[in-house]
There are 6 protein chains.
Amino acid sequence: MSDFDPPVTTVRDVVARALAEDLGVLGDLTSVAVIPESAVGGGWFVARRPGVLAGTLAATEVFVQLDARVALQWHFADGDELDAGALIGRIDGPLRSVLAGERSALNLLGHCSGVATLTRAFARAAGARTRIRDTRKTLPGLRALEKAAVRAGGGANHRECLSDAVLIKDNHLAFAPLGTAVELARARWPGRVIEVECDSLEQVAEAKMAGPDLVLLDNMSPDLVRESIAVLGGVAPVEVSGRVELATVPDYVAAGADYIAVGALTHSAPVFDIGLDLELPRKA
Amino acid sequence: MSDFDPPVTTVRDVVARALAEDLGVLGDLTSVAVIPESAVGGGWFVARRPGVLAGTLAATEVFVQLDARVALQWHFADGDELDAGALIGRIDGPLRSVLAGERSALNLLGHCSGVATLTRAFARAAGARTRIRDTRKTLPGLRALEKAAVRAGGGANHRECLSDAVLIKDNHLAFAPLGTAVELARARWPGRVIEVECDSLEQVAEAKMAGPDLVLLDNMSPDLVRESIAVLGGVAPVEVSGRVELATVPDYVAAGADYIAVGALTHSAPVFDIGLDLELPRKA
Amino acid sequence: MSDFDPPVTTVRDVVARALAEDLGVLGDLTSVAVIPESAVGGGWFVARRPGVLAGTLAATEVFVQLDARVALQWHFADGDELDAGALIGRIDGPLRSVLAGERSALNLLGHCSGVATLTRAFARAAGARTRIRDTRKTLPGLRALEKAAVRAGGGANHRECLSDAVLIKDNHLAFAPLGTAVELARARWPGRVIEVECDSLEQVAEAKMAGPDLVLLDNMSPDLVRESIAVLGGVAPVEVSGRVELATVPDYVAAGADYIAVGALTHSAPVFDIGLDLELPRKA
Amino acid sequence: MSDFDPPVTTVRDVVARALAEDLGVLGDLTSVAVIPESAVGGGWFVARRPGVLAGTLAATEVFVQLDARVALQWHFADGDELDAGALIGRIDGPLRSVLAGERSALNLLGHCSGVATLTRAFARAAGARTRIRDTRKTLPGLRALEKAAVRAGGGANHRECLSDAVLIKDNHLAFAPLGTAVELARARWPGRVIEVECDSLEQVAEAKMAGPDLVLLDNMSPDLVRESIAVLGGVAPVEVSGRVELATVPDYVAAGADYIAVGALTHSAPVFDIGLDLELPRKA
Amino acid sequence: MSDFDPPVTTVRDVVARALAEDLGVLGDLTSVAVIPESAVGGGWFVARRPGVLAGTLAATEVFVQLDARVALQWHFADGDELDAGALIGRIDGPLRSVLAGERSALNLLGHCSGVATLTRAFARAAGARTRIRDTRKTLPGLRALEKAAVRAGGGANHRECLSDAVLIKDNHLAFAPLGTAVELARARWPGRVIEVECDSLEQVAEAKMAGPDLVLLDNMSPDLVRESIAVLGGVAPVEVSGRVELATVPDYVAAGADYIAVGALTHSAPVFDIGLDLELPRKA
Amino acid sequence: MSDFDPPVTTVRDVVARALAEDLGVLGDLTSVAVIPESAVGGGWFVARRPGVLAGTLAATEVFVQLDARVALQWHFADGDELDAGALIGRIDGPLRSVLAGERSALNLLGHCSGVATLTRAFARAAGARTRIRDTRKTLPGLRALEKAAVRAGGGANHRECLSDAVLIKDNHLAFAPLGTAVELARARWPGRVIEVECDSLEQVAEAKMAGPDLVLLDNMSPDLVRESIAVLGGVAPVEVSGRVELATVPDYVAAGADYIAVGALTHSAPVFDIGLDLELPRKA
């Protein structure tokens with residue numbers, strides 16, 4: 001298990017689905033028709049632009065499931081920064097198998113690296129003191145891979161799901177005042193992190209009294225964040241959320257945020273463009 | 001089965017995975033702690049900005065799987081254009097169940113509608129004569145939902161997988177001249193669509209002789225596309241690919257492309273922002 | 001659970017796989033293109049020739065999984081004899097859903113009824129005293145449905161798998177004399193059926209001493225079966241196997257066989273031809 | 001991936017189900033009772049009659065999943081013609097594992113080879129100019145294996161499922177005239193094969209006007225097929241369907257059919273009889 | 001979702017496996033042979049001795065999956081204390097279905113209620129100030145149900161898995177001093193609970209400096225626990241683990257433990273004896 | 001397949017679920033934070049008290065699925081008796097992987113060995129003539145592993161599920177007299193074991209007339225068992241059930257029982273305490 005790997009059991013399931021989806025009932029029509037079964041070939045996974053690598057475990061698993069004879073050697077690791085043109089990894093093996101897995105591997109690498117690359121940009125903007133965190137706004141079935149990619153990009157993981165931490169939001173506060181809600185949560189789920197979402201200074205003042213483990217300031221301006229942090233007086237670390245963009249990250253950092261939660265890392269990261277350049281004889 | 005629905009069996013699997021991922025071992029800690037089991041509530045799925053709706057079948061399935069008592073009524077259908085603020089659908093039911101499914105439903109709606117919205121923009125730029133098509137550059141496990149969303153956006157679907165059509169690319173041409181490759185494919189897979197990728201006028205000339213069902217012009221300028229189409233002389237419809245962007249779509253349309261394949265529809269569509277606004281009593 | 005139903009949980013899995021296989025990534029292209037979403041229609045499942053019905057639970061499940069609005073009413077039950085032209089069941093509902101499930105339902109009905117029909121022919125030839133039994137020579141993934149169809153046809157089920165009864169064959173006898181093998185099996189698996197396969201009178205004599213619960217006479221002529229039964233002297237019921245055909249069944253019955261095991265019931269039953277005749281308006 | 005292999009991911013699933021079905025809760029009672037854990041043995045998969053081999057990838061996978069120590073060496077490949085008595089493949093390994101997988105492997109080989117053998121007979125009858133094609137009348141869960149076996153037998157694959165090509169039949173024509181139906185399908189699914197089923201010369205004439213990619217003549221006599229082909233005048237290749245039998249294949253070939261679709265290949269192929277002959281010491 | 005329900009999606013999977021396991025290939029042989037398909041019957045789930053109920057959602061799901069016509073009405077809820085003889089729930093429906101699900105339902109109820117009953121005993125011994133917590137020592141595949149049962153019994157849930165909180169043990173301390181380990185974990189997983197296991201006063205002193213969120217005192221006597229708590233001086237709540245038994249719980253409570261972790265709740269809880277008493281006519 | 005192994009395919013599924021459950025979305029937080037990826041380590045699985053080993057195949061599979069580089073060498077086999085302190089098996093490999101699988105492996109070993117240990121105690125009490133048998137009172141999803149553990153402990157397996165043998169109980173007798181019920185079962189399921197449950201001498205007398213393969217005496221005192229056996233006069237072997245405890249086993253043995261069925265073997269076996277002692281450098 002390397003530092004930025006998702007659990008191998010999940011990777012196996014994701015890859016099995018990807019391959020089932022792409023091989024269909026008949027397999028790769030084109031290769032079977034045109035390429036001899038005995039043909040072998042090799043080449044490089046190449047970065048088409050600068051970015052951050054993620055998803056190598058999943059890409060490896062594609063070929064493990066397809067054909068054990070395919071050899072794959074990574075020259076970079078998840079989390080590494082890539083220049084445009086970087087030779088990321090070398091693949092060699094039976095050509096039909098290489099081509100049958102090419103698209104699945106590239107889809108996995110491209111999406112994970114896209115998440116890592118966007119995360120790295122946010123993390124850089126945030127600097128050393130403030131951490132960029134992801135959210136539960138992930139693509140169905142891909143959460144483990146995306147959250148690993150966030151870590152590869154230098155971000156940190158927020159809740160993995162509804163089951164690992166308490167996050168009290170406005171919908172919950174319709175049923176109990178903030179202080180009561182925190183108490184109820186502590187009683188029901190002792191020893192777990194309790195985070196409270198606030199969208200006004202009044203709520204922040206309430207939160208201060210309730211003593212949660214984390215305070216989430218939602219949709220506040222940097223100034224209001226600064227003011228809220230002053231109100232809280234250090235009772236808990238402060239997380240900021242609500243469509244923070246790359247350009248506004250420094251303002252929230254300056255305002256004193258400990259964490260900035262960014263849904264876009266996982267729901268809107270454009271693909272990172274990686275290609276597979278094979279070295280094949282060229283027919284006249 | 002409405003016009004833009006993915007197969008219901010696939011939707012069931014995708015939703016089951018999404019819920020397993022988000023409910024974890026303990027379920028929704030926060031609701032169980034703070035909201036009474038008997039509480040009911042309702043509200044609206046609301047578009048936060050203008051766009052095109054997709055993914056309602058999957059969002060419905062989230063609540064079918066969670067709690068049959070949740071009622072969900074869509075006021076728009078997949079493919080509909082939404083203004084910012086549009087009330088997309090009404091949900092009512094046991095509040096714990098509504099909240100337990102909220103994020104999964106929004107993740108599905110947001111991603112599918114994001115794909116549909118981006119597709120619509122491309123389709124509009126392409127006009128009536130040229131069709132925008134997707135690619136196999138989809139997110140693992142989500143291909144059926146994404147391809148349905150492309151249709152909802154007004155695009156058309158290219159190959160569903162390696163198994164439903166032949167697409168001869170440069171890697172294949174290392175093993176057989178273009179004409180031979182087409183013949184081999186016709187012999188092995190009679191009665192199937194055979195598409196040939198060309199990246200030079202020489203290849204286009206070869207393709208003309210080979211008589212494929214479709215010619216894919218990859219990474220060509222609009223001028224080169226125009227010239228290629230002239231060379232082909234109507235022997236087959238022409239598809240253009242290679243990082244075509246919204247701004248350059250009209251140039252390729254003007255050059256005479258029948259189809260434009262756009263990977264970004266599925267690999268880089270930003271989320272479409274939809275929220276769930278619940279009507280709950282507000283505690284003092 | 002009717003008398004000839006396979007376990008409903010297995011039926012669900014088989015049908016889910018059948019539908020996934022047939023709906024693919026995009027669903028039913030033709031219906032979506034040509035038939036309005038609002039169209040409803042109805043018709044009859046019709047027997048094209050005489051036979052025995054089986055598989056109705058699975059066919060029902062096809063439409064349960066596809067669309068709860070489809071109504072299906074069977075006029076015959078599994079095990080019933082059908083004349084050519086018999087109206088087996090009535091289906092009504094949204095036409096796209098009816099057509100999306102048609103082939104899967106017919107494939108299930110046709111195969112199960114094919115197994116039941118062939119079994120009925122053998123059972124008839126065997127008469128009241130001798131029972132026709134199936135084998136483990138079933139199609140992968142379909143054993144529960146096929147074994148239920150055998151019962152619908154009037155046959156009985158042999159072992160469901162390697163795990164429910166002992167069957168000592170020649171390969172086992174290379175490691176222990178027949179008597180020892182029976183003792184070993186009785187000691188390891190007390191309270192289970194122990195059957196011994198014999199292919200010569202010498203082995204039959206050994207079997208008599210060993211006292212198994214069943215004796216399987218493999219590849220013997222009717223005369224040799226008669227002789228073997230005489231040797232056994234009633235120590236255990238006798239099963240006959242080895243490519244017994246319809247024409248030779250009466251000879252084995254006359255020879256005194258209690259059971260006749262017929263692999264062909266499940267591995268070689270031709271489909272029973274059932275069609276779906278829909279009543280639709282005919283366009284000019 | 002050899003020429004006639006189904007996708008390896010599907011093979012894995014089919015085999016896992018077959019083994020689960022056959023091993024049950026307790027595994028192979030008989031072997032555990034009678035055969036020592038340390039016993040090794042070997043032998044041959046043997047053809048009991050002449051035919052065409054298919055299913056070797058699946059049979060191999062049986063032992064991969066059961067016990068990596070089992071060695072399996074095929075002396076023939078899928079698609080090869082076998083004489084009665086042919087030694088198809090050699091197996092060696094721990095005897096308990098060999099026996100635990102024997103029946104599953106034989107069931108897979110027997111069914112796939114049965115399909116290939118029947119296909120070869122049809123393909124031979126059809127000669128070089130006309131191709132025999134399969135249908136969607138496959139056994140649930142086994143489509144990929146059966147369609148691969150059809151190719152091994154020398155046939156070609158028709159649609160893999162409802163999702164890869166359009167096939168307009170009489171039920172669809174209740175909602176749109178043939179020409180309109182073709183236009184609707186072209187508009188909805190551009191770049192895909194559109195086939196039209198005709199059962200009268202009137203429909204054939206309509207089809208000629210509509211210009212589909214393929215015309216399917218259903219339940220027509222050879223004479224009517226010949227006449228239809230004349231009417232069509234080469235506008236599209238012609239496929240014939242409707243219970244064509246081995247004996248009538250040449251008539252349809254002579255009538256000019258390009259393809260003949262035969263449901264029996266997959267729904268009614270009798271098993272091809274293959275046995276496993278182990279070389280074991282014989283106890284006195 | 002009631003207070004002590006596991007996620008419904010997990011319950012569905014567990015029940016599907018339980019039924020598949022118990023229905024096998026042929027279903028319930030006995031009922032099919034002896035009980036008419038039309039027979040209906042009803043009766044009560046009855047507690048055979050005093051205890052705490054859990055598992056009703058899973059028991060309900062058994063019959064949902066088997067037969068929608070079975071009606072099940074619970075007269076007690078998870079977490080309720082039951083006297084011996086208590087009528088827990090009423091079941092009515094087709095008798096074959098009731099009997100087919102009986103054992104699966106009782107196995108689920110019996111195990112979950114066994115866990116809840118044992119937990120209640122510990123919780124009672126611990127009193128109001130100290131919470132009993134479970135561990136990851138759960139039975140494979142049943143964690144969600146067991147952890148829900150612990151809550152029903154009045155206990156609290158510790159980590160759900162390796163992924164939701166940090167727990168630094170002696171094996172980790174071989175690679176970093178305790179303080180460094182806590183810092184590394186905070187840096188890698190900000191905003192998550194960090195618990196440190198100590199088995200000596202020296203480690204406790206180190207833990208005090210490191211400032212974890214929880215301190216776990218493993219295998220300490222009550223006196224040593226008291227001393228450790230004094231050393232910690234309130235820097236973090238204290239959890240006690242290491243084969244604490246019912247009899248020694250009060251000593252650890254008196255020593256000041258905030259939590260007591262008890263593996264036996266899930267790995268050694270004896271079944272709670274529940275029966276299903278059906279009211280059936282008695283044959284003479 | 002060793003003598004006490006459950007089917008490897010089931011083991012694979014159980015282990016995959018156990019790992020998915022324990023690795024969650026993010027994997028092992030603690031190891032990733034504190035232990036270098038390159039760290040290797042080794043140690044011993046150690047018995048903490050005397051007992052009987054079971055579950056080694058499943059424990060091995062944990063590390064096969066996690067990391068092929070982990071080496072695991074068992075020094076004892078399933079069924080072996082262990083002294084407290086026995087070094088059961090040696091593990092070596094990448095430390096993160098060893099720790100990631102530790103708890104899952106121990107949970108499997110502990111539960112299976114717990115079942116085997118309890119079974120051994122009963123088997124010993126029963127002596128050579130009477131066999132201890134398990135029941136269907138198993139934990140959902142774990143039946144195959146538990147029944148294998150019962151055999152490792154020296155017990156025998158009763159029915160594997162509802163589908164492999166007939167067991168006529170009082171609920172069935174409401175619909176047919178005992179003799180009729182046996183006849184019905186013989187007719188429907190020829191060649192299968194038919195067991196009849198009796199709870200009075202009257203029923204025993206009826207059973208004698210009916211001639212079942214096994215008679216189950218439920219909830220009878222040893223004296224009544226003796227009397228029943230006298231009544232039966234050897235017509236069938238006799239099984240005793242109904243909360244027989246270790247202390248009362250000898251009385252039932254003395255009364256002449258052939259089998260004693262004990263639900264507690266699988267529903268109430270406490271864990272067998274096994275630990276993993278790793279040899280790691282100790283930091284100052």
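Side chains are part of it too, since the values below use all heavy atoms of this structure and drop only hydrogens, waters and symmetry mates. Throughout, protein chains are lettered first and strands after them, A, B, ... in sequence-line order, and every chain is numbered starting at 1.
- Neither the backbone nor the side chain of E:A16 comes within contact range of chain F; no heavy atoms are under 4.5 Å apart.
- The contact between F:D273 and chain E is made entirely by side chain atoms (from C-beta outward), counting heavy-atom distances below 4.5 Å.
- Neither the backbone nor the side chain of F:R186 comes within less than 4.5 Å of any heavy atom of chain E.
- Between chain E and the residues F:A20, F:A165, F:A264, the largest count of heavy-atom pairs under 4.5 Å involves F:A165.
- Counting heavy-atom pairs closer than 4.5 Å to chain F, the top-ranked of the candidates E:E160, E:R188, E:E21 is E:E21.
- Residue E:L95 touches chain F through its side chain alone, counting heavy-atom pairs closer than 4.5 Å.
- Considering only heavy-atom pairs separated by less than 4.5 Å from chain F, the leading option among E:I168, E:I35, E:L99 is E:I35.
- Taking a cutoff of 4.0 Å between a charged side-chain nitrogen and a carboxylate oxygen, F:R192 and F:D213 do not qualify as a salt bridge.
- Look at F:R48 and F:D277 and you find a salt bridge, because one of the NZ, NE, NH1 or NH2 atoms lies within 4.0 Å of a carboxylate O, short of that distance.
- Using a cutoff of 4.0 Å between basic side-chain nitrogens and carboxylate oxygens, F:R143 and F:D134 are not scored as salt-bridged.
- Residues of residues 102-109 of chain F having a heavy atom under 4.5 Å from any heavy atom of chain E, listed by number: F:R103, F:N107, F:L108.
- For a residue to count as touching a neighbouring chain, one of its non-hydrogen atoms must lie under 4.5 Å from one of that chain's; by this rule F:V32 touches chain E with backbone and side chain alike.
- Heavy atoms closer than 4.5 Å to chain F are found in both the backbone and the side chain of E:S31.
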